[in-house]
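Just so we're on the same page: letters track the sequence lines, and every chain starts at 1. Note that these values count all heavy atoms, side chains included, but never hydrogens, waters or copies made by symmetry.
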Amino acid sequence: MSELKKVSEFIYEIEKKGEMNVPARIYADDALIKKMKEDLTLKQAQNVSCLSGIEGYSFVMPDGHQGYGFPIGGVAAMDYESGIISPGGVGYDINCGVRLLKSNLTHEDVFEQRKEIIDHIFKNVPSGLGSQGKVKLSSKDLDEVLMVGAKWAVEEDYGWKKDLKNIESEGSVEGDPTKVSNNAKKRGAPQLGSLGSGNHFLEMQIIDEIYDEKIASGFGLKEGQICFMMHTGSRGCGHQICSDYIQVMEGAYKKYNIKIPDRELVCAPIHSKEGEDYFKAMGSGANFAWANRQMITHWIRESIGSVIKEDPEDLGLDILFDVAHNIAKIEKHNGKKYCVHRKGATRAFWKGRGELPKEYEDIGQPVIIPGDMGTASYVMVGIKSSSQTFGSTCHGAGRILSRSAAIKKFRGEDIIKRLEKEKIYVKAASPKVVAEEAPDVYKDIHNVIDVCDKVGLAKKVARLRPMGVAKG
DNA sequence: ATGTTC
């Protein structure tokens, strides 16, 4: 690997050499870069810099770690005319993302009932590995979901009309069900409206710190406010779409004579049959995830309303925002079109950038960053300097301990007891998933967020502490 | 992340 140079307190670079088209740039402090050196993160960032059409840098966010081909926490912007698109640059969980619901509830409104609320949500939202939704979808319904995303769910009365405007791309990107395999549809159909497993979660949280009063107030957030966060994606549907197109790309990269330093970076020109097909299928996977989060939103509102015995609308359970962190999008930056791959990276658009809901046009985009279940999550805001990474920031704490190592080291029951002492109630499908997702298996979220904040990838607005967690 | 090896 080429030499890694520290260029400022929180920026490292691998200079452009050999097959690299651009340098790699890594946002990290000393502790975070040390972790990245322990796996293939940096090598993968260098590999990505060799891909056709990449401009600027091959970026790694502070929560970066090794992934399939591309690092997780990676951003790569490809020139729209000459660049490639790669399933590895998006990841298996297409449009994995986060949605935050606000409320007008306070600690005392919910503390006594926090277990009941979480249990109700847990019961009302199917979760766990292989979990199936409660809704029987016809193949026509599923095609509609793959075409229009969250809009389908709202039209079916899962949520409110006003929900759509507070979702990235209004919960709908260009998709094409005919580019999605029958297998992906078969896996997806029974899973729409389910949480899944692993790091996916539903949380009741309290805002315990505000960093920017003015922006928080613009977002309708204040200290002591109760919020509900969900973190989930496109389930087996997106996973299958990714697998299918990695196979397609195995043929395509050879067909188009694309040189790649790692087989896992298989790709095709954006303007090729294979590239266009993947882009549309990926869009359908993204739409599935947005419809999924929309249905879950409806059931969360229903659950809270039924425990608190009030109309969810009177409880102010509005969407702050819903943002993807595994997606490729065609975006204009500096007057030029790019295919921006964000894999474990969150879009962070600043005020005046466009493509934002009206209410945020003069504030900037809410950036929602999920942390681990024992520590915190954050709301940030996109700022002008977010443009250094084509409008992107981190997506979470970033795993440091493998799932298998976590299971060896922790017992789920112990973690649940420990968190209970900290007044965090955990309801999980299995103790195993709690061990796998123990707070200790993640990097320090505060640290990751601070690096993003200090280096200007986004600005801190509010911190949310978990009170109750439902996990698959 | 994931019908955790079609």
Map A:Leu129 and A:Tyr92 onto DNA chain B by nearest heavy atom, then report which one ends up closer to the 5' terminus.
A:Tyr92
Could you check whether [X] gets within reach of a base, just the sugar-phosphate, or nothing at all, counting any heavy atom under 4.0 Å?
{"X": "A:Glu437", "value": "sugar-phosphate"}
{"X": "A:Gln191", "value": "sugar-phosphate"}
{"X": "A:Ser197", "value": "sugar-phosphate"}
{"X": "A:Gly198", "value": "sugar-phosphate"}
{"X": "A:Asn183", "value": "base"}

Report the distance from atom [atom1] of [X] to atom [atom2] of [N], rounded to the nearest whole Å.
{"X": "A:Ile246", "N": "B:dT5", "atom1": "CD1", "atom2": "C1'", "answer": "15 Å"}
{"X": "A:Asp244", "N": "B:dT2", "atom1": "CG", "atom2": "C1'", "answer": "13 Å"}
{"X": "A:Arg399", "N": "B:dT2", "atom1": "CZ", "atom2": "P", "answer": "12 Å"}
{"X": "A:His239", "N": "B:dC6", "atom1": "NE2", "atom2": "P", "answer": "10 Å"}
{"X": "A:Asp93", "N": "B:dT4", "atom1": "CG", "atom2": "P", "answer": "15 Å"}
{"X": "A:Phe288", "N": "B:dT2", "atom1": "CZ", "atom2": "C1'", "answer": "13 Å"}
{"X": "A:Asn292", "N": "B:dT2", "atom1": "CG", "atom2": "P", "answer": "10 Å"}
{"X": "A:Asn182", "N": "B:dC6", "atom1": "CG", "atom2": "P", "answer": "19 Å"}

List, one per line, each side-chain donor-acceptor pair under 3.5 Å for residues 459-472 of chain A, sequence neighbours excluded.
| from | atom 1 | to | atom 2 | distance (Å) |
| --- | --- | --- | --- | --- |
| A:Lys459 | NZ | A:Asp212 | OD2 | 2.9 |
| A:Lys460 | NZ | A:Asp450 | OD1 | 2.8 |
| A:Arg463 | NE | A:Asp208 | OD1 | 3.0 |
| A:Arg463 | NH2 | A:Asp208 | OD2 | 3.2 |
| A:Lys471 | NZ | A:Gly198 | O | 3.4 |
| A:Lys471 | NZ | A:His200 | O | 3.4 |

Check whether A:Ser284 reaches the backbone of A:Asp176 with its side chain - one donor and one acceptor, N or O, closer than 3.5 Å.
yes
Between the main-chain N or O of A:Asp93 and the side-chain N or O of A:Asn326, is there a donor-acceptor pair closer than 3.5 Å?
yes
Might you work through the salt bridge (charged side-chain N to carboxylate O under 4.0 Å, His left out) test for A:Lys151 and A:Glu155, ending with a clear yes or no?
CA-CA 6 Å; A:Lys151 187 164 177 276; A:Glu155 279 170 1; 3.3 Å; yes
For B:dT4, does OP1 or OP2 lie under 4.0 Å from any side-chain N or O of A:Arg403?
no
Residues forming a side chain to side chain donor-acceptor pair (under 3.5 Å) with A:Asp143, sequence neighbours excluded
none
